[in-house]
There are 2 protein chains.
Amino acid sequence: MELKRATEGEKGFEKVFAFLRERLLAGSLKPGDRLISERELATLLGVSRPIVREALRALTVLGIVEIRDRIGTVVTRPDVSVLNDFFTFALAQQADMLDDVMQARVAIECQAIRLACERANIADFERLQRALVKIGETIDEADAGGMADFDFHRAIVVASHSETLTVLHGSLAGLLTHSHRSRRELVQAFPSMKTYLIDDHRRIFEAVIARDPERADATLRKHFAIGDEYRRRAIVGDIDKTSASG
Amino acid sequence: MELKRATEGEKGFEKVFAFLRERLLAGSLKPGDRLISERELATLLGVSRPIVREALRALTVLGIVEIRDRIGTVVTRPDVSVLNDFFTFALAQQADMLDDVMQARVAIECQAIRLACERANIADFERLQRALVKIGETIDEADAGGMADFDFHRAIVVASHSETLTVLHGSLAGLLTHSHRSRRELVQAFPSMKTYLIDDHRRIFEAVIARDPERADATLRKHFAIGDEYRRRAIVGDIDKTSASG
DNA sequence: GGTCTGATCTTGGTCAGACCAGTATGCTGA
DNA sequence: TCAGCATACTGGTCTGACCAAGATCAGACC
């Protein structure tokens with residue numbers, strides 16, 4: 001029982017976690033690598049297997065490793081889902097955060113569009129254009145329209161070629177999915193929404209094509225502001241046609 | 001169907017995790033609540049204690065609960081540290097992400113400063129001013145200067161009164177700490193850095209005081225751009241005095 | 001009666017060993 | 001040489017146990 005001094009200080013879980021983190025951060029454990037078996041790890045660090053499992057499980061929910069049944073534990077590439085999980089829990093306990101999350105989304109997208117103006121390539125432009133066309137085509141559809149809208153904004157972020165922005169946007173946007181879908185009622189309530197949606201996105205697209213960061217940012221920002229305004233008006237009671245659907 | 005008794009199909013860990021997630025998301029488990037003991041949870045769900053511990057540990061690294069030795073497990077308010085952990089790992093495996101993370105930070109701060117212009121109160125102004133003064137006082141100090149710089153930017157984000165932005169900024173900024181500290185060498189190398197640091201921050205401060213979002217955003221953005229420029233120049237080789245320190 | 005103290009209960013922290021169910025591999029027999 | 005089965009692995013889980021220390025409550029003391 002005195003064997004535990006193998007890696008000193010920490011107790012159990014921390015020891016294993018620290019051990020693995022070290023290798024992960026140092027790079028001696030890279031994505032794709034397979035870890036040694038739980039049993040080996042346990043004896044190596046002088047802890048029991050359940051403890052090793054705790055550590056591995058912790059790394060799993062962090063999206064760092066993947067435990068494959070009867071195969072082994074392998075290092076994976078950090079994945080967005082972690083952030084999603086986190087934000088999901090975080091929001092569940094603070095529902096009023098939704099509006100707040102929107103602010104973060106605006107932040108990400110506005111920065112992304114600036115980068116997009118610099119870095120976007122033909123493929124990005126084409127993706128944006130496709131999304132733009134789709135928005136026009138699905139202007140009267142509920143889910144399809146929302147999805148087209150999302151795709152457009154997503155395309156902007158992707159065009160920024162920034163992994164971090166893309167990741168953050170992905171997790172934030174996921175939370176706002178329903179918010180996006182409520183676009184449906186808005187469109188039904190305000191016919192002017194249609195031209196707003198189409199024209200605004202077109203202007204945004206053009207600004208990116210023109211590679212004009214300032215204009216793109218400003219236009220996108222205005223776009224969000226107008227959307228906010230519509231939403232606000234809808235809440236105030238300017239709307240009464242939404243009672244039809246459940 | 002799946003939400004109801006989701007606690008039946010899954011095996012072990014998933015069962016416990018799903019069980020707890022349900023309560024967490026439904027709100028029947030709120031921050032501050034104490035969970036039932038591990039043993040009870042185990043018998044309740046028909047699994048062994050080690051499995052329960054895995055689930056609890058998973059929630060712990062997600063920052064959802066906190067396991068207190070010999071006290072029990074309590075629900076906590078989601079914490080930033082999760083994101084920190086994640087980004088730390090993510091960055092370790094993709095070091096080139098650092099520059100990318102900076103983009104996200106710029107995104108957050110620029111949005112935050114806009115909100116700050118609208119929402120900042122006297123206390124926020126005072127905090128900003130204190131930070132500004134500190135920057136002037138510590139202009140020649142290494143760590144203290146970096147910290148003052150950080151505090152100032154932090155104060156901006158706090159003044160936005162946006163929980164989400166604050167959380168995101170916290171996790172991102174943490175990663176860029178060393179980057180911040182490298183300010184030290186830059187100051188030594190470029191005397192002009194001093195006036196840049198002081199004047200820029202003052203201008204930013206004034207824009208917030210004036211509650212002018214556009215100007216604040218633009219000024220802050222320019223501030224970052226200039227910082228980038230200095231860093232770029234330092235890399236290029238315009239600098240040779242840094243060999244003194246390790 | 002009220003307060004202090006200590007035994008006991010409870011809680012998390014951990015361990016050891018065991019069994020299951022598939023995978024991977026190697027050895028054996030065709 | 002190659003197919004097939006035994007076996008040694010892997011993760012997945014359970015059982016029962018021990019430890020240390022906070023929480024609790026009864027009994028002793030003031």
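Heavy atoms only: backbone and side chains are in, while hydrogens, waters and symmetry mates are out. All chains are named by letter (A, B, ...) in the order of the sequence lines, taking the proteins before the strands, and each is independently numbered beginning at 1. Predicted model, so just to flag it, every value in this text is computed and none were measured.
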Provide, to the nearest angstrom, the distance between the CD atom belonging to A:Glu14 and the P atom belonging to C:dG12.
17 Å
Using a 4.0 Å heavy-atom cut-off across all strands, classify B:Arg68 as base, sugar-phosphate, or nothing.
sugar-phosphate
Just how far, in rounded Å, is C1' of D:dT13 from CD1 of B:Ile51?
5 Å
Hey, does B:Val47 have a side-chain heavy atom less than 4.5 Å from the side chain of B:Phe13?
no
With respect to the side chain of B:Arg49, which nucleotide from D:dT10, D:dA17, C:dC15 is positioned closest?
D:dA17
Atom-pair distance (CZ on A:Phe13; C1' on C:dC15), nearest Å:
17 Å
Whole-Å distance between C:dA21 C1' and A:Ile71 CD1?
12 Å
Side chain of A:Arg70, heavy atoms from C-beta onward: which of D:dC14, C:dT14, C:dT23 has the nearest atom to it?
C:dT23
Does D:dC30 pair with anything, Watson-Crick or G-U wobble, both distances under 3.5 Å, and if so, with which nucleotide?
C:dG1
Answer yes or no: is there a donor N or O on one side and an acceptor on the other, between the side chain of A:Asp100 and the main chain of B:Thr164, under 3.5 Å?
yes
Could you check how far CG of B:Leu56 sits from P of C:dT11, rounded to whole Å?
13 Å
Name the closest nucleotide to the B:Arg57 side chain, picking from D:dC14, C:dT14, C:dG12.
C:dT14
Of the listed C:dA24, C:dA16, C:dT11, the closest approach to the A:Pro50 side chain comes from C:dA16
Less than 4.5 Å apart, any side-chain heavy atom of A:Gln103 and any of A:Arg105?
no
To the nearest 0.5 Å, what is the distance between CG on A:Leu29 and OG1 on A:Thr73?
11.0 Å
Take A:Glu109 and A:Arg154, measure what salt bridge (charged side-chain N to carboxylate O under 4.0 Å, His left out) needs, and give me the verdict at the end.
CA-CA 9 Å; A:Glu109 277 195 40; A:Arg154 185 68 182 165; over 6 Å; no
Among C:dT11, C:dT14, D:dC14, which is the nearest nucleotide to the side chain of B:Arg39?
C:dT11
Phosphate oxygens OP1/OP2 of D:dG11: is one of them under 4.0 Å from a side-chain N or O of A:Thr73?
yes
Using a 4.0 Å heavy-atom cut-off, does A:Glu40 contact any base of the nucleic acid, only the sugar-phosphate backbone, or nothing at all?
sugar-phosphate
Against the side chain of B:Ser48, the closest entry in D:dG11, D:dT15, C:dT14 is D:dT15
